[in-house]
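Here's the structure we're looking at; comments come further down.
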Amino acid sequence: MASRGLVLRATSLLLCLLMTPGLAWRGLALVGRAARPRTSRLAASARRTWAIAEDGRWVSSAAATARGANDVGWSGLSREARASSDASSEEVGVHEVSDAAEARRVAALLCARDELIHACDTEVADLDLGRSPLGQGRVLCITVYSGPDLDVGSGPGKALFVDTTEPGVLEAFKPWLERESALKVWHNYGFDRHVLYNHGVDVVGFGGDTMHMARLWDASRLAGYSLAALTEELVGRAKASPLTRPDWVQYAVYDAKGAPPLERQARLSRMEWLRTRSLFDFYTEYWRPFGELGAVSAPLPLPGELLTDMERAGVMVDVRSKLPLAQTRAQADRDAAELTFRKWAARYTEAAWYMNVGSGTQVQTLLFGGATRRNSAEVSELKEELDARGVSRKGLRLKADLRQRLSEAVSTSEAGVIVDSGRKEVEFELSSLQLEHAKTTKSGWPATDAAALRELAGRPSEDPPVFGSAYGAFGGGEVGEEACRALEALCQMGAIDTMLSNFILPLQDLADGTSRIHCSLNLNTETGRLSSRTPNLQNQPALEKDKYLIRDAFVAAPGKALVVADYGQLELRLLAHMTACTSMVEAFKLGGDFHSRTAMGMFDHVRRAVEDGTCLLDWDYSQGEPPAPLLKDLFGSERRRAKTLNFSIAYGKTAHGLSKDWGVSIDEAKEMLRAWYADRPEVLQWQKDTIASARATGATRTLLGRYRTLPGIQGRNGAVRAHMERAAINTPIQGGAADIMTLAMIKLQRSEKLREMGFRNLLQVHDEVMFEGPAELADEARAEVVACMERPFDENLPSLLVDLVVDANTASTWYEAK
DNA sequence: GGGAAATGCGCC
DNA sequence: AAAGGGCGCATTTCCC
């Protein structure tokens with residue numbers, strides 16, 4: 001068997017490509033990763049250009065510099081805060097509380113000072129950051145800083161260091177922590193509340209969350225200052241060597257001093273919100289209740305907690321039968337698909353039998369032979385250089401389980417193909433099928449994602465089958481068909497693997513003793529949406545793709561029911577409202593299928609067909625069978641395009657992107673965009689105005705007037721600028737939708753009906769909420785949920801030009817309720 | 001061994 | 001210059 005040398009990696013070696021029977025050798029094509037161009041991430045590398053002047057107005061950084069204003073960036077503040085903290089660490093002394101008697105004395109003094117706002121923090125040990133703090137972690141200490149007016153006997157303005165590892169200390173502080181009138185400000189409240197709850201302390205008296213406040217004055221990323229980052233640092237240090245007491249004290253009081261809530265409040269107070277009011281008013285009225293409990297100045301007290309209560313409640317999953325069954329089915333399907341692919345691939349290159357099918361690099365090598373970005377001269381040059389240095393084969397690591405399965409095969413393999421290196425790794429040589437690739441990754445390598453595999457495979461299992469580009473590459477006929485089927489199997493295997501490792505397995509692992517999953521809900525996005533992590537419950541498979549019925553494993557507790565409610569076309573309604581687009585507002589007023597109406601507006605022949613009765617816009621099937629065909633059936637492709645545009649326009653999609661998605665020319669894509677905008681000129685105008693204003697001010701605003709700074713929108717980097725311009729028109733919509741959901745959730749939380757009926761909010765997925773409560777009251781609860789969501793605005797806020805439509809169902813599983 | 005980058009993919 | 005906004009996360013590979 002002849003083999004030819006080929007360059008791979010500068011540090012290690014050279015890949016021998018094998019001549020394989022039945023496949024034409026097309027020469028050298030594999031290039032090492034060292035040749036990859038470096039790319040940087042757009043958002044992360046963008047530099048901030050905005051600042052707040054002393055009077056609280058947004059100004060450009062140039063103006064800010066001229067006027068000596070502070071950099072508004074979090075990192076900027078963080079540095080200032082750290083500097084001032086470091087500078088004042090000698091000035092602000094620490095009062096240590098290390099025994100029960102002293103704890104009782106100090107806690108009593110605190111209870112007498114409800115007029116103060118107390119900045120609090122905890123330090124925690126024995127914590128796995130990959131899961132919710134509910135049910136794990138041990139509080140080591142609490143730190144409290146109450147400002148210069150508190151004196152517990154050792155002088156005014158001391159930070160308290162409360163050592164809760166000493167017996168009786170936490171118990172002594174419990175009454176104060178559970179005291180509703182003692183306002184406590186935290187940095188990422190949910191974390192501390194949950195960890196203290198593990199010790200039987202149910203913290204209330206929420207004064208605010210400095211993390212949320214920071215988000216409000218600058219929605220940009222807060223890299224490096226997350227609680228997780230701080231905790232990881234601490235855990236890392238504790239691991240390296242036991243922390244000494246002074247370490248602990250300094251570390252623990254750092255946050256309270258470094259991010260004083262009053263400074264946050266002052267910053268927010270300087271920023272305009274609705275003409276005469278400030279962002280601090282916004283925080284107090286909306287985000288503080290959203291973050292937790294209505295404190296003194298909220299318009300109405302909230303009867304409990306919101307985000308932290310949702311986290312605490314968790315959602316029940318069926319770990320006894322449904323998820324294990326899903327796992328069994330998924331693993332069987334995956335193994336079958338994997339075998340199909342392996343058998344096929346190994347016929348061309350034996351090493352494929354041993355490869356890691358989950359490795360993009362190996363699939364890349366197998367199918368395409370690597371990148372095509374280097375010309376042959378460069379390849380030869382590299383090859384010579386590496387040959388001269390004597391570098392040899394590439395070692396490809398195999399998964400442990402695969403390794404075990406293959407250990408026998410390795411020892412009996414044909415000469416030359418598999419080399420057991422004697423280390424933990426098995427080295428092998430993978431020759432390439434040298435297929436043409438239609439798509440590359442952003443760094444220029446052939447993509448091996450689902451779309452790329454689909455391009456090769458086509459839809460060979462459909463009737464009639466549609467074969468992809470691999471069919472011809474393998475000479476058509478049965479051989480071509482088999483190739484397509486094998487590549488489809490590879491694609492399916494990847495999809496099933498995703499279901500297993502992202503959903504089916506972690507859900508079982510993360511469920512607590514009562515089969516409930518507790519995610520962490522964070523108010524930490526650029527647009528004001530929530531995010532969910534450990535696990536992310538906001539990306540569970542949607543109904544159409546939920547082959548293993550994962551959503552069916554999300555269940556109501558025995559005797560209870562779920563109420564699942566979602567807004568219909570929330571973002572499109574926001575777009576209609578914010579642009580005051582007559583056509584869209586009218587379409588929503590008329591009701592019926594919105595995308596079909598869009599198709600009518602875009603295509604004359606569709607409009608005529610509806611007008612002369614050839615087809616119906618929409619039909620209510622409770623009236624029996626429709627007397628004429630429906631638009632969506634007669635003009636399916638027109639409606640699909642209209643729908644795609646409806647969703648894409650708000651994201652700023654370009655003709656270039658549309659033409660690629662649809663496989664049409666740029667001109668055709670442009671024509672589609674023109675047709676969409678022709679019916680909605682206000683949208684185009686609004687987008688232009690919004691971008692212009694964003695460029696002038698460096699920020700864009702949501703429906704409720706929250707800001708998002710857009711670093712780089714005035715800069716010279718075209719890619720960053722274009723990205724920020726799209727964000728400028730999307731954030732008002734996406735953030736506006738988030739505003740509406742925030743209002744709705746506050747209203748839901750304040751609903752006495754729901755509280756009396758025993759319904760509690762478990763989840764929010766951007767335009768959807770899930771409640772759980774007694775099954776016999778589910779219908780009544782459903783009606784109340786709909787009522788709250790349809791009218792989320794309080795009397796201080798203007799209403800929308802369009803109605804909010806809510807679809808809600810009750811069922812015992814998430815799957816059934818959709 | 002661990003962190004970071006690259007790739008890919010789930011949701012709205 | 002890139003070519004759709006916003007997230008979280010698994011896996012592999014690179015790199016120190």
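We name chains A, B, ... by the order of the sequence lines, and we start the count at 1 in each one.
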Under the rule for side chain to side chain contact (heavy atoms under 4.5 Å, CB included), what residues qualify as partners of [X], not counting sequence neighbours?
X	answer
A/T498	A/N502
A/A642	A/T598, A/A599, A/M602
A/S359	A/N356, A/T361, A/Q362
A/L684	A/Y677, A/Q687, A/K688

Non-neighbouring partners of [X] that pass ring-ring contact (aromatic ring centres under 6.0 Å, His included), sequence neighbours left out:
X	result
A/H194	none
A/F503	none
A/F588	A/F594

State whether [X] places a side-chain N or O below 4.0 Å from either non-bridging phosphate oxygen (OP1 or OP2) of [N].
X	N	result
A/T525	C/dG6	no
A/S501	C/dC9	no
A/N356	C/dT12	yes

Practice task
For A/N524 and A/S531, test the side chains for any donor-to-acceptor distance below 3.5 angstrom and give the result as yes or no.
Solution key: yes
Practice task
State, to the nearest 10°, the angle formed by the axis through the first five base pairs of the helix from B/dG1-C/dC16 to B/dC12-C/dG5 and the axis through its last five.
Solution key: 10°
Exercise for the section: Give, ordered by number, those residues of residues 537-549 of chain A having at least one heavy-atom distance below 4.0 Å to an atom of DNA chain B; if nothing qualifies, reply none. Expected result: A/Q538, A/N539, A/Q540, A/P541, A/A542, A/K545
Problem - Under 3.5 Å donor-acceptor pair, A/E526 side-chain atoms to C/dG6 base atoms - result: no
